[in-house]
Colleague: 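Just dropping this structure here.
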Amino acid sequence: MKILVVGGGGREHAIIRALKKSPRCTEIWCAPGNGGISYDAHCKAIAATDVDAMVAFAKEEAFDYVVVAQDDPLALGMVDALAAVGIPAFGPDKAAARIEASKVFSKNLMQKYDIPTADYAVFDDPAKVIAYVEEKNKYPVVIKADGLALGKGVLICQNHDDVVEAVKEIMLDKKFGASGNHVVVEEFLTGPEVSVLSFCDGKTVKPMVSSMDHKRALDGDQGLNTGGMGTVAPNPYYTKEVADRCMQEIFLPTVAAMEKEGCPFKGCLYFGLMLTPDGPKVIEYNCRFGDPETQVVLPLLESDLLTVMEATTHGTLAETEVKFRDGAAACVILASGGYPLAYEKGKEISGLTEGQLPDCADVTVYHAGTALKDGKLVTNGGRVLGVTATADTLPQALDKAYAASENIHFEKLHKRSDIGARALAAMQ
Ligand code: AMP
Ligand code: GLY
């Protein structure tokens, strides 16, 4: 099969590496891809959001299957547009992608179908947000832009001034564009967070191994929110008991609700959960694989990814095995100093041969933001590389990932030194 993966970060690289293990995958492309991905796939410079150009390219190259990995092309209806020209694709259609693309949609869905989540109210009038929060007078309070906002549309407000500022940013200054026409004001929840990615075919849901993201830029969960500085899998807080409860109270009801609403979800449904004192609750849904969760989840997948993906498209997931190996995985992100604010690009990366560490068993380097310049690999983004190791236990995986990352260098490299520390503490 000739396959196209749409996107160009660490998640897409991990998907490509997993797909390439399939004996049925004979040719693989990535658009737009990046410098490091080009060692593993043919790259084509088409923006992931350019639906028309992507569909034309897919037709021209006669791809047998397309994996739409990124949120915005899904929200723009790329899967629908591919289906219209007869090309099957992995991912939800436009209607189902609303589960991530509109927080108003997802919150209303959870309320209607009694799926546990934070209490909330929806507003389109800035003055009403402020009046509502003043009346409740309970801090912190969470303010979320309705639409996609590059992962930056969630503001945790500690006091009244923060709320005024959040409303200004989102609703008046329109920092996230039309995504801020509506906001969701949410009760602040506490508890450990768990990411659970799951395969869905519209009716059946099969969760993958659980994982834990590390969103803050600095050690000790300090500093600004980022796209993710590292991940571990499995997540030790996600015990069998919690998993059973999530399946009954959250996963099955969500998939049934989407079907009932006339927009069955096919693809990867990501449950961002918080294990609160009142039980597991949904913090957010994503309509795609998480980044950098994918970089620890897929290396533990034993089943053939292509077969499982096709089963979600064709509605045959119930009879398709989705198996993960025992053991653990850890991913340490190597970022450009300054990220998530201003950072420099174009720094030469040393230590890698054809994008990978030589002679480093059980370690894979996933490229998030790299480019090839005059035949040399250089940094080209905030998150540059993800170093993933697998092992029998989490401490071993972490040791291997950190030891391997010591062999990679570029100017102003920044990484957290405590990825997995909370998970290890929870295992004590
Ligand atoms: P997101 O950008 O949607 O991934 O959200 C960023 C982070 O905000 C989440 O991972 C949570 O840590 C936090 N968050 C979102 N909603 C809530 C909430 N209702 N209570 C507490 N924290 C939240
Ligand atoms: N790691 C969080 C996300 O992919 O949204």
Side-chain angles (χ1 to χ4, degrees), residues 7 9-12 14-15 69-72 74-75 97 99-104 106-107 110 116-122 133 136 138-158 162 166 170 175-176 179 183-198 208 210-217 221-233 235 237 267-278 280-298 331 333 340 366 368 382-383 386 419 422:
R11 164 185 53 205
E12 287 75 14
I15 290 172
Q70 213 172 291
D71 51 4
D72 29 15
L74 291 166
I99 200 163
E100 172 172 3
S102 169
K103 292 202 191 291
V104 175
S106 65
K107 293 298 286 190
M110 288 186 270
T117 188
D119 286 339
Y120 74 104
V122 175
V133 175
K136 284 235 158 191
K138 203 170 162 216
Y139 299 96
V141 63
V142 186
I143 302 198
K144 301 183 172 184
D146 172 42
L148 298 178
L150 298 167
K152 300 196 174 98
V154 174
L155 299 171
I156 295 173
C157 302
Q158 302 294 341
D162 285 357
I170 300 176
K175 190 169 167 192
F176 310 111
S179 287
V183 294
V184 173
V185 179
E186 223 175 71
E187 160 203 22
F188 181 78
L189 300 176
T190 55
E193 288 186 55
V194 182
S195 305
V196 180
L197 284 54
S198 69
M208 302 179 218
S210 63
S211 54
M212 182 192 284
D213 195 1
H214 297 68
K215 283 187 191 283
R216 301 294 200 93
D221 295 322
Q222 302 294 310
L224 294 171
N225 254 325
T226 70
M229 293 299 295
T231 36
V232 297
N235 184 322
Y237 289 104
C268 174
L269 181 54
Y270 168 130
F271 298 91
L273 306 170
M274 196 171 266
L275 308 182
T276 77
D278 299 330
K281 296 192 181 185
V282 177
I283 286 281
E284 60 164 354
Y285 294 115
N286 290 323
C287 67
R288 45 153 182 97
F289 281 95
D291 190 337
E293 284 90 340
T294 308
Q295 291 90 311
V296 285
V297 168
L298 290 185
C331 174
I333 297 291
Y366 297 117
R383 289 186 297 173
I419 299 303
R422 255 183 308 128

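Atoms within each ligand, like the ligands themselves, are counted from 1 in listed order.
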Colleague: Distance under 4.0 Å to a non-hydrogen atom of Asn286: what atoms of ligand 2 satisfy this?
Modeller: 3 (C), 5 (O)
Colleague: Against heavy atoms of Asp213, which atoms of ligand 2 measure under 4.0 Å?
Modeller: 1 (N), 2 (C)
Colleague: I'd like to know whether the aromatic ring centres of Tyr285 and Phe271 sit less than 6.0 Å apart in this structure.
Modeller: yes
Colleague: Ser179 side chain to Leu148 main-chain N or O, any donor-acceptor pair under 3.5 Å?
Modeller: yes
Colleague: For atom 5 (O) of ligand 1, find the nearest protein heavy atom and state the residue, atom name and distance (0.1 Å precision).
Modeller: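 The protein heavy atom lying closest is Val154 CG2, 3.7 Å.
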Colleague: Within the structure, does Asn225 bring an N/O atom to less than 3.5 angstrom of an N/O atom in ligand 1?
Modeller: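 There is no such contact.
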Colleague: With a 3.5 Å distance limit and no angle check, can you tell me whether Ser198 reaches the backbone of Leu269 through a side-chain donor-acceptor pair?
Modeller: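 Yes.
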Colleague: Could you find the nearest protein heavy atom to atom 13 (C) of ligand 1 and give me its residue, atom name and distance?
Modeller: Ile156 CD1, 3.9 Å
Colleague: For Lys144, take its heavy atoms, then give the atoms of ligand 1 lying under 4.0 Å from any of them.
Modeller: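 That gives atoms 15 (C), 16 (N) of ligand 1.
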Colleague: With heavy atoms of Gly290 as the reference, note each atom of ligand 2 found under 4.0 Å away.
Modeller: 4 (O)
Colleague: Sub-3.5 Å donor-acceptor pair from the side chain of Glu100 to the main-chain atoms of Asn286, do we have one?
Modeller: no
Colleague: Do the non-hydrogen side-chain atoms of Glu293 and Met208 ever get within less than 4.5 Å of each other?
Modeller: no
Colleague: For ligand 2, note which part of Lys215 has a heavy atom under 4.0 Å away: side chain, backbone, both or neither.
Modeller: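 Within the 4.0 Å criterion, Lys215 contacts ligand 2 through side-chain atoms alone.
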Colleague: So which heavy atom in the protein is nearest atom 5 (O) of ligand 2, and how far is it from that ligand atom?
Modeller: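 Ranked first by proximity to atom 5 (O) of ligand 2 is Arg288 NH2, 3.0 Å.
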Colleague: Phe188 heavy atoms, cut-off 4.0 Å: which ligand 1 atoms fall inside?
Modeller: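 Per the distance check, 20 (N), 21 (C), 22 (N).
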Colleague: May I ask you to check whether Val142 has an N/O atom sitting below 3.5 Å from an N/O atom of ligand 1?
Modeller: no
Colleague: For atom 2 (C) of ligand 2, find the nearest protein heavy atom and state the residue, atom name and distance (0.1 Å precision).
Modeller: Tyr270 OH, 3.4 Å
Colleague: Using a 3.5 Å distance criterion without hydrogens, assess whether the side chain of Arg383 forms a donor-acceptor pair with backbone atoms of Ile333.
Modeller: no
Colleague: Counting each atom of ligand 1 from 1 as listed, which ones have a heavy atom of Glu187 under 4.0 Å away?
Modeller: 18 (C), 19 (N), 20 (N)
Colleague: State whether the side chain of Thr231 and the backbone N or O of Pro292 hold a donor-acceptor pair below 3.5 Å, judged by distance alone.
Modeller: yes
Colleague: Please report which non-hydrogen protein atom sits nearest to atom 1 (N) of ligand 2, along with the residue it belongs to and the distance in Å to one decimal place.
Modeller: Glu293 OE1, 2.7 Å
Colleague: Test your reading of the model: is there a side-chain donor-acceptor pair from Asp146 to the backbone of Val104, 3.5 Å cut-off?
Modeller: yes
Colleague: Using a 3.5 Å distance criterion without hydrogens, assess whether the side chain of Asn235 forms a donor-acceptor pair with backbone atoms of Ser211.
Modeller: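 Present.
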Colleague: Is any N or O atom of Asp291, backbone or side chain, closer than 3.5 Å to an N or O atom of ligand 2?
Modeller: yes
Colleague: As an exercise, identify every atom of ligand 1 less than 4.0 angstrom from a heavy atom of Lys215.
Modeller: 4 (O), 10 (O)
Colleague: Any donor and acceptor pair, going by atom type alone, linking the side chain of Thr117 with main-chain N or O of Val282 inside 3.5 Å?
Modeller: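 Judged by distance alone, yes, a pair lies under 3.5 Å.
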Colleague: Give the residue and atom name of whichever protein heavy atom lies nearest to atom 21 (C) of ligand 1, and the separation in Å to one decimal.
Modeller: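 Among all protein heavy atoms, the one nearest atom 21 (C) of ligand 1 is Leu189 O, 3.2 Å.
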Colleague: What atoms of ligand 1 come closer than 4.0 angstrom to any heavy atom of Ile283?
Modeller: 15 (C), 16 (N), 17 (C), 18 (C), 23 (C)
Colleague: Would you call Glu193 and Lys215 a salt bridge, using N to O less than 4.0 angstrom?
Modeller: no
